[in-house]
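In what follows, a single structure is set out as structure tokens and then discussed.
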Number of protein chains: 2
Amino acid sequence: MDKDNDLTIRQPVAAKPKIPPPSIFAKPFARSTDPGVVQLLTEDEQAALIAISRVVEFRRHTVIYPEGGRSRFVYNVISGVAETYCLLPDGERRVSSFLFPSDLLGLSENGEYVATAQALTPLTAYKMPFEDLARLVRRDPDLDVVFLCKLCHELRQAERHTVTAIHNDARARVAGFILWLWRSEVTALTDDTTVTLPMLRHDIADYLGLSTEAISRALHQLETGGLIQRRGPRALQLLNIQELRRAAREI
Amino acid sequence: MDKDNDLTIRQPVAAKPKIPPPSIFAKPFARSTDPGVVQLLTEDEQAALIAISRVVEFRRHTVIYPEGGRSRFVYNVISGVAETYCLLPDGERRVSSFLFPSDLLGLSENGEYVATAQALTPLTAYKMPFEDLARLVRRDPDLDVVFLCKLCHELRQAERHTVTAIHNDARARVAGFILWLWRSEVTALTDDTTVTLPMLRHDIADYLGLSTEAISRALHQLETGGLIQRRGPRALQLLNIQELRRAAREI
DNA sequence: CGCGATATTGAAGTCTGTCAAGCCCTGTGG
DNA sequence: CCACAGGGCTTGACAGACTTCAATATCGCG
């Protein structure tokens with residue numbers, strides 16, 4: 001629609017960055033001209049969502065909502081990165097997903113959030129009361145299809161994550177993760193081959209089912225192989241994307 | 001139609017088992033009195049779905065639809081078990097899910113099925129033309145919410161599968177898988193502690209990210225520990241469900 | 001500039017994958 | 001109904017990969 005893209009992640013310190021509208025991207029399940037992800041919301045729908053929403057901001061490491069908490073709101077990320085995790089009975093933490101701009105946040109079950117959501121960077125989002133959203137969806141069949149589409153998209157992604165994470169070794173998992181991050185952070189960026197890692201090694205390790213040491217070693221391997229270059233612990237330079245995709249077994 | 005049931009989900013041999021209506025179970029995301037899975041379809045909605053559906057049957061090992069094929073239909077399983085899998089570039093097969101009665105089948109992307117679906121047992125299903133279903137959903141906002149609910153449910157399940165499969169050892173994965181199967185096969189059963197494994201070890205192994213040998217060894221461990229008893233390669237008796245849950249790290 | 005937390009690197013142990021062999025089940029055909 | 005053949009399942013041995021434990025290096029924040 002408009003250039004909500006330029007804000008997705010980093011943004012030069014602007015005087016008053018204007019807020020992009022609510023945004024839901026997905027690959028439609030029906031055949032379409034564009035085989036990639038597309039904006040599913042029309043301007044009217046964006047306006048309708050804005051009408052029931054409030055823009056909220058979270059600082060780094062803030063809990064957006066807790067696991068088990070009463071689920072009253074759904075969030076549409078505007079900028080920043082978040083993670084969701086569950087706490088196991090034995091106290092361990094299990095990262096279940098990372099969320100980027102235009103992602104939806106607030107999956108619930110029986111009126112309770114199924115995981116804790118936490119901001120990994122400063123984060124802004126549209127906060128939509130669940131009830132209002134339900135009313136809106138019930139009234140606008142097209143909007144409803146939008147959410148169906150998005151959920152299908154997420155489901156496919158989740159299945160792919162499972163399949164690839166489960167069968168590959170550490171190097172392949174990390175390569176795949178880097179590529180996923182890279183695509184998620186895609187913007188109208190000058191330098192297209194830089195990836196920032198807003199999360200800790202621990203979070204990556206947990207998400208991929210590895211130890212933090214294994215992450216380090218895999219990064220070392222990829223660097224030695226000339227596929228990437230580490231620029232400090234939170235930034236990577238992609239040197240050979242073709243090889244990265246092969247390492248991730250995407251090809 | 002016929003009594004394919006006694007294989008997968010046993011049902012007393014009735015002369016003419018009447019076909020159960022379309023069925024979608026899920027835990028609602030909104031708070032409800034019943035915290036478990038509930039039937040989301042009203043009788044009217046079931047009738048509407050029947051009106052656009054055809055009941056189809058598949059024999060064991062039949063392909064229901066192929067990966068990459070034009071996605072024209074969505075299926076609602078009535079009886080039997082199916083699996084979906086993708087073929088990797090190197091020819092390997094990746095099982096992405098198992099489907100049971102009342103599950104939905106036919107996830108697509110850009111008009112194409114994202115995986116091959118195959119019957120593991122004789123299977124019957126409602127076959128719904130995608131276009132008709134879309135029309136129906138667009139007209140009936142409640143039905144629409146049903147599908148949203150079901151998709152959320154599937155998404156949660158997928159995330160749980162990932163989280164548990166990735167972090168646990170072979171024994172825990174198999175224990176969790178057995179419990180999942182057990183719950184999926186729940187019917188008005190006489191013997192509540194029997195689980196049938198309609199799929200090959202290879203399929204289980206692939207789904208859990210293990211080798212067939214690891215599955216065998218894990219079953220052996222569980223049997224030695226007195227948690228289960230093998231009754232031939234396709235049936236298990238659950239001896240200690242409490243311990244099984246602990247083994248699966250559910251507690 | 002210094003401290004605490006995070007990240008990396010090294011060494012030993014454990015678990016699973018792989019390879020190989022034997023057993024069991026199933027389904028077929030007589 | 002029984003025998004047989006083929007495929008699936010199980011079990012054992014070994015190598016490889018990851019985890020764990022431990023120590024060092026580095027980053028980031030006050």
- Message: Please tell me if R60(A) has a side-chain N or O lying less than 4.0 Å from either OP1 or OP2 of dC29(D).
- Response: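 Affirmative; the distance criterion is met.
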
- Between dT9(C) and H220(A), is there an OP1 or OP2 to side-chain N/O distance shorter than 4.0 Å?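 For dT9(C), OP1 or OP2 has a side-chain N or O of H220(A) closer than 4.0 Å.
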
Just compare [options] and give me whichever is closest to any side-chain atom of [X].
{"X": "L200(B)", "options": "dG8(D), dC19(C), dT10(D)", "result": "dG8(D)"}
{"X": "P233(B)", "options": "dT11(D), dC25(C), dA22(D)", "result": "dC25(C)"}
{"X": "S216(A)", "options": "dT10(D), dG17(C), dA7(C)", "result": "dA7(C)"}
{"X": "R230(A)", "options": "dT6(C), dT8(C), dT10(D)", "result": "dT8(C)"}

- Message: Counting C-beta onward and ignoring hydrogens, is there a side-chain heavy-atom pair between F177(A) and L208(A) closer than 4.5 Å?
- Response: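 Yes, their side chains come closer than 4.5 Å.
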
Could you tell me how far apart [X] ([atom1]) and [N] ([atom2]) are, to the nearest whole angstrom?
{"X": "L222(A)", "N": "dT8(C)", "atom1": "CG", "atom2": "C1'", "value": "15 Å"}
{"X": "I204(A)", "N": "dC18(D)", "atom1": "CD1", "atom2": "P", "value": "16 Å"}
{"X": "H202(B)", "N": "dG17(C)", "atom1": "NE2", "atom2": "P", "value": "13 Å"}
{"X": "L210(B)", "N": "dG17(C)", "atom1": "CG", "atom2": "C1'", "value": "10 Å"}
{"X": "D169(A)", "N": "dC15(C)", "atom1": "CG", "atom2": "C1'", "value": "16 Å"}

- Item | Any side-chain donor near an acceptor of the partner, Q118(A) and T62(A), under 3.5 Å |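 The answer is no; no qualifying pair exists.
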
- Taking atom types as modelled, find out whether R156(B) and H153(B) have a side-chain donor-acceptor pair closer than 3.5 angstrom.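 Result is yes, a qualifying pair exists.
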
- Donor-acceptor pair (no angle test) under 3.5 Å: R217(A) side chain, dT20(D) base: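 A donor-acceptor contact between them is present.
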
- Query: Considering only heavy atoms and no angle criterion, is a donor-acceptor pair shorter than 3.5 Å present between the side chain of R234(A) and the base of dG28(D)?
  - Reply: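 No such pair is found, so the answer is no.
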
- Going through the distances and angles, do L107(A) and V74(A) end up as a side chain to side chain contact (heavy atoms under 4.5 Å, CB included)? CA-CA 8 Å; L107(A) 197 57; V74(A) 174; over 6 Å; no

